Amino acid sequence: MKELKVLAVVVFFTLVTYWGVEPYAHKVMHKNVEEATFENFQYKDLKAPAKGDPAKGKALIATCTSCHGIKSQGIKAPMDPVAASQAYGVVPPDLSNAGAVLDEKFIANFIVSPTHAGLVKKSAMPGGMADAQGAADIAAYLKSIAPKEIKPKEAFEFACGRCHAVRYDKWTQIGQTPKTKADIKTGVDLALMDFKKKVGQYQVKLAEYLGKLPPDLSIIVRARSEEYLEKFVENPQHILPGTAMPRVGVTEEGYEKIYKYLEEVGDPSKPKREKVGPWVLGYLVLFAFLAFLWYKSQWKGLK
């Protein structure tokens, strides 16, 4: 009887703690997440662009290549990452994979007004780089040169890798930590002995530009729910008002690639767990069945 009373007290205070903490966590701390509507990265607040002409967009792309590189088209970035960070605060992305990761409507609106499309007060990219039709043509061109399939890591590199580090994958804001000179992914010939110093310079400028250094995303999939990450990437300002992170403008497929990469880095044992899980459950069921048979045999004939 005493044990039951102790159990009752423990259960009572556990329930009080649970119901006292969980509602607060979900209704106050995560209020913005629950209230946010998920629109499958449709960006309904943005104006639908006119029909773009890739050929005209190719002629207009020089508007972009004064800052951006397009490696797939043989166009190198005008500046190396460190120099670009000194000039802009953050490196302008290479546009080779832009059409594979970003929504075409978002691209067109972003070219016209980066702050409006990105939902931020400031942007390293100036607005008015093209009129509405020109922006639609450039967006169509970027879609036309985009690879049909990109790897999860490539999607992350384009959309997130210039600001966020992933130290579990040896990823810094300007490329992977190299083992050899050939491993450097920055697009410039950075000497190995100067690499860490240059990364530090980049991070200082990035922190100055954004207000603080963006967090490392190595275990973000364990720290935040999938619902939170989806809604945050789709509309950062709704979830965290005042954040310096802009709306990136990825498509739903692009987001899934990014999430897959983060999952591979932050929870690499998940596939193995999912594979082993059914066998563990089967073992427990078999063990329970054998235990029941043993119990029946031991108490057989006893009252």
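Please read these numbers as outputs of a predicted model, since none were measured by experiment.
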Same apolar cluster (I L V M F W Y, side chains within < 4.5 Å links), Val9/Val16: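 In one cluster: yes.
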Shared hydrophobic cluster, Tyr261 / Ile219 (ILVMFWY, side-chain heavy atoms < 4.5 Å):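 Same hydrophobic cluster.
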Do [X] and [Y] touch side chain to side chain, with heavy atoms closer than 4.5 Å?
X      : Y      : answer
Cys160 : Ile258 : yes
Val250 : Asp103 : no
Tyr88  : Met79  : yes

To check you understand the geometry: which heavy-atom pair defines the closest contact between [X] and [Y], and what is its length?
X      : Y      : result
Cys163 : Leu210 : SG-CD1, 4.3 Å
Glu252 : Phe41  : CA-CD1, 3.6 Å
Ala140 : Asp53  : CB-N, 4.1 Å
Gly242 : Gln237 : N-OE1, 2.9 Å
Met125 : Pro114 : O-CG, 3.3 Å

Is it true that [X] and [Y] make a salt bridge, defined as a side-chain N closer than 4.0 Å to a carboxylate O?
X      : Y      : value
Asp216 : Arg167 : yes
Glu227 : Lys231 : yes
Glu149 : Lys257 : yes
Asp169 : Lys153 : yes
Asp45  : Arg247 : yes

Salt bridge (Lys or Arg N to Asp or Glu O under 4.0 Å) between Lys151 and Glu154, worked out: CA-CA 5 Å; Lys151 297 177 181 178; Glu154 292 174 326; 5.8 Å; no
Donor-acceptor under 3.5 Å (Tyr141 side chain, Ile61 main chain): no
Check: Lys58 side chain, Leu142 main-chain N or O, donor-acceptor pair, under 3.5 Å: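 Judged by distance alone, no pair lies under 3.5 Å.
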Within 6.0 Å of NZ in Lys122, more than 12 heavy atoms from elsewhere: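 For Lys122, atom NZ is crowded (more than 12 foreign heavy atoms under 6.0 Å).
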Mutual orientation of the aromatic rings belonging to Trp299 and Tyr295 [parallel < 30°, tilted 30-60°, perpendicular > 60°]: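 Trp299 vs Tyr295 ring planes: tilted.
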